[in-house]
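Reviewing the structure listed below.
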Amino acid sequence: MKKESVEDLEVNLTGEEPVSEGGEIKPKWYKRIRKGITTSSTDKRETPEGLWSKCPECNYILTSAELKENLYVCPKCNYHHRIGSEEYYDFLFDGEEYIELFDNIQSKDFLNFTDLKNYQKRLDEIHSKTNLKDSMRIATGKVNGEGIVIACMDFEFIGGSLGSVMGEKFSRAVDYCIENKLPFLVISKSGGARMMESAFSLMQLAKTSGKLSQLSDAKLPFISLLTDPTFGGISASFGMLGDLNIAEPGALIGFAGPRVIKETIKKDLPEGFQRSEFLLEHGFLDFIVDRKKLKDQLSQLIILFRN
Amino acid sequence: MPEYPNRQFLDFEQPIKVLYEEIEKLKQTAEKSKIDMSDSIQKLQDAIIDKRREITEHLTPWQRVQLSRHPDRPYTLKYIDNIFTDFVELHGDRNVKDDKAMVGGFAQLNGETVMVIGQQKGNNTKMRQLRNFGMANPEGYRKALRLMRLAEKFNKPVITLVDTPGAFPGLEAEERGQGEAIARNIYEMIRLKVPIIVVIIGEGASGGAFGIGVGDRTLMMENTWYTVISPESCSSILWRSWDKKEVAAEQLRLTATDMKGFGLVDEIVNEPLGGAHWSYTEAADILKTFLEKNIKELKSIDPQTRVNNRIEKYGKMGFWEELIVDSTEEQ
């Protein structure tokens, strides 16, 4: 039996740069690591950063422009790169036009939580590096002419972790959907709950469920799109509560992280374990959707729900 | 609770063990020499009470975590025995199997029927395995939900007793949708039409606890913990070492006092001096008065208001900063 390579997802929740082992977190640009080659570097031509991209799955190399054109999907092996809210919004909303909502809400360190670094310091640093205020953004616009509200997570921001801000933005997004009679799509990509907010982050599971209950009473569709990776508090709440639960191909989705399971059962995990296809097989997804078909599929669903 | 020779002591309870040993010695001497030692024994017994008080007054968050896992601590079925009458245990999720880590059934509280549900740990090696250390699989959560719906149908209040180191992180648990099972419970509990009282009686570990942990009132017993991750796992992830569990326990603010201070739980249920393991009946009696009071209060509210209040209560939880937005801007 081929075994599944185990990615340590929890490390993303620390808010530190992930040290990649096996599966790379981000496509890395070419860099000379070994100093074995001793060509004179005085007249060496540097390749500009970010021009080329290598598929972490099949090592296929293409230009970044080509990759973007292909919606960050490998043209050779169909590997879906992990992308952020900006990228999703740009290709999902018509003409890349959308209004961002509730972007004035940001995290604060209420508990004065300090692990290897103080939480507030961590927040400030990530904000200045990524320009993101938290791990979820909300936007509204049109998808093939159909109005929708899309909440999307950014894995870059402490592993897309669920904290108070995500809970509050999610809640306001639902209120906005109800007020404007719009369907709600949530694109999940998260390692789980944010430990630096302790029990407050756990309570967001009930907070968001309460709002979904109101959305349900308003008979507005809620579609949950799970992308690579979605774990912990997200899969134990709204991630699995969609009227439709759908996922991108090959995405890792589960409650407990693969490393934890491996340590618990003291066995290697079977190939494909916790992948989208595994979840579909076990009855937890409605279907798997290719990123390139996502937009059309989405507008089609909105019409099916409405007419 | 077990009598002295079978009693177990945590590291910081060792001074009490020493006192017990002295009592034993005195008893033996008294027997051998036929001298009345009851005064000295009484003094030592008083000293034990003093020691219990002293320990209680200086507990660190980590020690509370240890107490919540005390091997002699009463578990769910022990509370059920001591608080309720006519308990009829109901089994199975009607789909896969009966999860022994989750128990539940109808019972009477002062002549009134309630549905009581909780995680169950075992008190010896064999039972611990049978109960899977109080770590439920998806079918455990689905059994709990089935029982809650049954309670809703017959308009009976639900009482859940939470005591788990987490939902089970296993291969089959994932196959059968551990995440979905917990998510579904949280969603259904927030809109259940009957009153729900949640009591953290031991360990309140994250989603595994919250899967039966949404309610109108959440009570936390004095020596329990409740947060998003165990201090050990938190230490291993954030500090990259298993040795920082004490620090993690402090940083997580997981004690009943902290949780009450944050408004995330409603009441703290006091325990017998030194912890619930010192007297099962006393611990149960105290909890019983809390349950009676809360059920009475909740029953006087009409169901729709109760559900709205519940949604509102959780809706207020969280902290964030809201920046002032230029009024000319959209939203």
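In what follows, every chain begins at residue 1, and chains take the letters A, B, ... in the order their sequences are listed. Values reported hereafter were calculated over all heavy atoms of this structure, with side chains retained and with hydrogens, waters and symmetry mates removed.
Of the possible donor and acceptor atoms, one in the side chain of B:Gln251 sits under 3.5 Å from a partner among the backbone N and O of A:Thr114. Between the side chain of B:Glu174 and the main chain of A:Ala256, a donor-acceptor pair closer than 3.5 Å is present. A donor-acceptor pair under 3.5 Å is absent between the side-chain atoms of A:Ser164 and the main chain of B:Gly318, judged by distance alone.
For A:Lys267, no part lies under 4.5 angstrom from a heavy atom of chain B. There is no contact between A:Phe231 and chain B, counting heavy-atom distances below 4.5 Å. Only the side chain of B:Met259 comes within contact range of chain A, with heavy atoms under 4.5 Å apart. For a residue to count as touching a neighbouring chain, one of its non-hydrogen atoms must lie under 4.5 Å from one of that chain's; by this rule A:Asn112 touches chain B with the backbone only. With a 4.5 angstrom heavy-atom cutoff, A:Phe284 touches chain B only via side-chain atoms. Interface residue A:Gln106: backbone and side-chain heavy atoms are both found under 4.5 Å from chain B. Only the side chain of B:Ile190 comes within less than 4.5 Å of a heavy atom of chain A; its backbone N, CA, C and O stay farther away. Heavy atoms of A:Phe238 lying under 4.5 Å from chain B are absent altogether. Heavy atoms closer than 4.5 Å to chain B are found in both the backbone and the side chain of A:Glu197. For chain B, the nearby part of A:Gln204 is the side chain; its heavy atoms alone come within less than 4.5 Å. Of the atoms belonging to A:Ile265, it is side-chain heavy atoms, and not backbone ones, that fall under 4.5 Å from chain B.
Contact count versus chain B (heavy atoms, under 4.5 Å) is highest, among A:Ser235, A:Gly15, A:Gly233, A:Ser216, for A:Ser235. Of the listed residues A:Lys108, A:Glu10, A:Met196, the one with more heavy-atom pairs under 4.5 angstrom with chain B than any other is A:Lys108. Chain B forms the most heavy-atom pairs under 4.5 Å with one residue out of A:Lys262, A:Lys207, A:Met240, A:Glu281, and that residue is A:Lys207. Interface remark: of the candidates A:Ile234, A:Leu111, A:Val260, A:Leu111 forms the most heavy-atom pairs closer than 4.5 Å to chain B. Counting heavy-atom pairs closer than 4.5 Å to chain B, the top residue among A:Thr208, A:Leu212, A:Val165 is A:Leu212.
Using a 4.0 Å cut-off between charged side-chain N and carboxylate O, A:Lys211 and B:Glu312 make no salt bridge.
Residues B:Val228 and A:Ser198 share a closest heavy-atom pair of CB-O, 3.5 Å. Of all heavy-atom pairs spanning A:Ala236 and B:Ile186, the tightest one is O-CD1, 3.7 Å. A:Ile105 and B:Trp320 get closest at one heavy-atom pair: CG2-CD1, 3.5 Å. Heavy atoms only, all atoms of each residue included: B:Trp239 and A:Asp115 are closest at CZ2-CA, 3.3 Å.
For the atom pair CG of A:Leu205 and CE of B:Met317, the computed distance is 12.5 Å after rounding to the nearest 0.5 Å.
Ring geometry for A:Phe200 versus B:Phe262: interplanar angle of 30 to 60°, hence tilted.
If you check the side chains of B:Arg191 and A:Ser213, you find a donor sitting under 3.5 Å from an acceptor. For the residue pair A:Thr14 / B:Arg240, a side-chain donor-acceptor distance below 3.5 Å is found, with atom types taken as modelled.
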